[in-house]
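Following: one structure in structure tokens, then a few remarks.
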There are 2 protein chains.
Amino acid sequence: MQEKNQLSTLSLAILGLIGQKPLSGYDVRKVFSTTPMGHFSSSPGAIYPALKRIEKNGWIKGEVKNRKTLRPKLVFKLTDTGRKVLAEHLTRPVTKDDVMWHMDDLMLRFAFLGHVVGRKQTVKFLKEFAAEVEAHLSSLRQYMDEVRETMSPYGRLAMDNGLDSYRVNARWARRAIKQLQQSGE
Amino acid sequence: MQEKNQLSTLSLAILGLIGQKPLSGYDVRKVFSTTPMGHFSSSPGAIYPALKRIEKNGWIKGEVKNRKTLRPKLVFKLTDTGRKVLAEHLTRPVTKDDVMWHMDDLMLRFAFLGHVVGRKQTVKFLKEFAAEVEAHLSSLRQYMDEVRETMSPYGRLAMDNGLDSYRVNARWARRAIKQLQQSGE
DNA sequence: AATTTCATGTAACCAGTTACATGATTCA
DNA sequence: TGAATCATGTAACTGGTTACATGAAATT
């Protein structure tokens, strides 16, 4: 039905978590409110509707653990299509656009990737990521050289921060590739 | 009327830009679509309503440059209250929460800060920023030590990236402080 | 003459926020 | 027995997205 697997960041986060192990809405909220994944809202008004949407898409399925209680606890697990959609989303090519404006999504993708598709694909992702970051880095450097004089010291410092961030991401990716490559055979 | 200066990120970006020099909606869109500030949507459906909202708040005022054309060009400039609200927003203390979940907003604040309130206040901001980032860094490190063994290599790498990012931000801030301090007297 | 850029807007939609609401279970 | 935590949800609102729409001015 809905082909565009245009996962929102929140949906991706939820799908990825449930992919690791079945969770209830409350469990998801707990993860978002107590771990470094906490920049996602853990508000019920975000989580429960999102779970319903995702279930309606057929990517997860809720199972009622109603041990005679009135308040049923709904534990969601990934369906087969869900796993497929997730894997497809995670392994999409890394674009320039992603690197420029959706770095956080890329990191989220990485965090789930190894678990869903394994080491080889993860290394592939990281290589694309590194290449794209390095490309962007050099074009940013060029842009900066062009506008450097026209900017205030503050503007320059702000841009330096951007450069630093990309640089550290590139280095991290290269390091990660090495580690993953020598950890498996 | 509306006291809560709960600027959304987009409003802050617009307000900050207009604070540097008067701009039309089209000008704002152009900045968002051609500079590193481009992760803001430059879509008219975002910009024009936002400008109206901000104007209704009394923070900017549009002036029609209608050189007899039918399509008037609206150039917005910051009002006095606007400048006050902006300055107040930019100089708010840097919180742990900001550092954890709104790093991009902090960078945006920094980028405008020097222009709006000057070097001394900017340095103060950077010192708070550095301190808060360093504090968060050490608590993150601690958290990581606790959960390190329980995590997959992928999870560990993802967390490493987080640590790297904070580390580089802390270093950047310390460097920026030094530069700004020795650049003025 | 045709295309691109300037310039401003609206309408339908969607996702997320805040605040509210309910009630069971466990712990002090 | 009172508080905290478990557990799920709704309703009103807000802000941003996508797509549509219009037309002047400048460039090719």
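All chains are named by letter (A, B, ...) in the order of the sequence lines, taking the proteins before the strands, and each is independently numbered beginning at 1.
- In this structure, the CG atom of A:Asn57 is 13 Å from the C1' atom of C:dC14, given to the nearest Å.
- A:Lys73 places its NZ atom 17 Å from the P atom of D:dT5, with the value rounded to the nearest Å.
- In this structure, A:Lys65 atom NZ and D:dT8 atom P are separated by 12 Å, rounded to whole Å.
- Between A:Ser8 and the phosphate of C:dC14, there is no side-chain N or O to OP1/OP2 separation shorter than 4.0 Å.
- B:Phe40 and A:Trp101 have their aromatic ring centers separated by at least 6.0 angstrom.
- Using a 4.0 Å cutoff on non-hydrogen atoms, the parts of residues 43-53 of chain A near DNA chain D are A:Pro44, A:Gly45, A:Tyr48, A:Lys52, ordered by number.
- Residues A:His136 and A:Tyr166 place their aromatic rings such that the two centres sit under 6.0 Å apart.
- Rounded to a whole Å, the CG atom of A:Leu12 is 15 Å from the P atom of C:dA15.
- Note: the hydrophobic cluster containing B:Val117 also contains B:Leu126 (ILVMFWY, side chain heavy atoms under 4.5 Å, direct or indirect links).
- Of the side-chain N and O atoms in B:Ser24, none sit less than 4.0 angstrom from OP1 or OP2 of C:dA7.
- Nucleotide D:dG16 holds its P atom 11 Å from the CG atom of B:Leu7, rounded to whole Å.
- A donor-acceptor contact shorter than 3.5 Å is absent between the side chain of A:Asp98 and the backbone of A:Val94.
- One can place CG of B:Leu10 at 5 Å from P of D:dG16, the figure rounded to the nearest angstrom.
- Between the CG atom of B:Leu23 and the C1' atom of C:dC6 there is a distance of 15 Å, rounded to whole Å.
- Regarding contacts with the backbone of D:dC6, a side-chain N or O of A:Tyr26 is found under 4.0 angstrom from either OP1 or OP2.
- Residue B:Leu74 is the one, among A:Thr9 and B:Leu74, whose nearest nucleotide of DNA chain C lies closer to the 5' end (criterion: closest heavy atom).
- Summarising the local packing, CG of A:Asp80 is surrounded by 12 or fewer heavy atoms from other residues, nucleotides or ligands at distances under 6.0 Å.
- Of the possible polar contacts, one joining the A:Arg156 side chain to the A:Met151 backbone as a donor-acceptor pair under 3.5 Å is found.
- Between A:Asp27 atom CG and D:dT5 atom P there is a gap of 16 Å when expressed in whole angstrom units.
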>> For B:Glu132 and B:Lys127: C-alpha separation, side-chain torsions, deciding distance, then whether salt bridge (Lys or Arg N to Asp or Glu O under 4.0 Å) applies.
In response: CA-CA 8 Å; B:Glu132 214 54 72; B:Lys127 280 182 179 169; over 6 Å; no

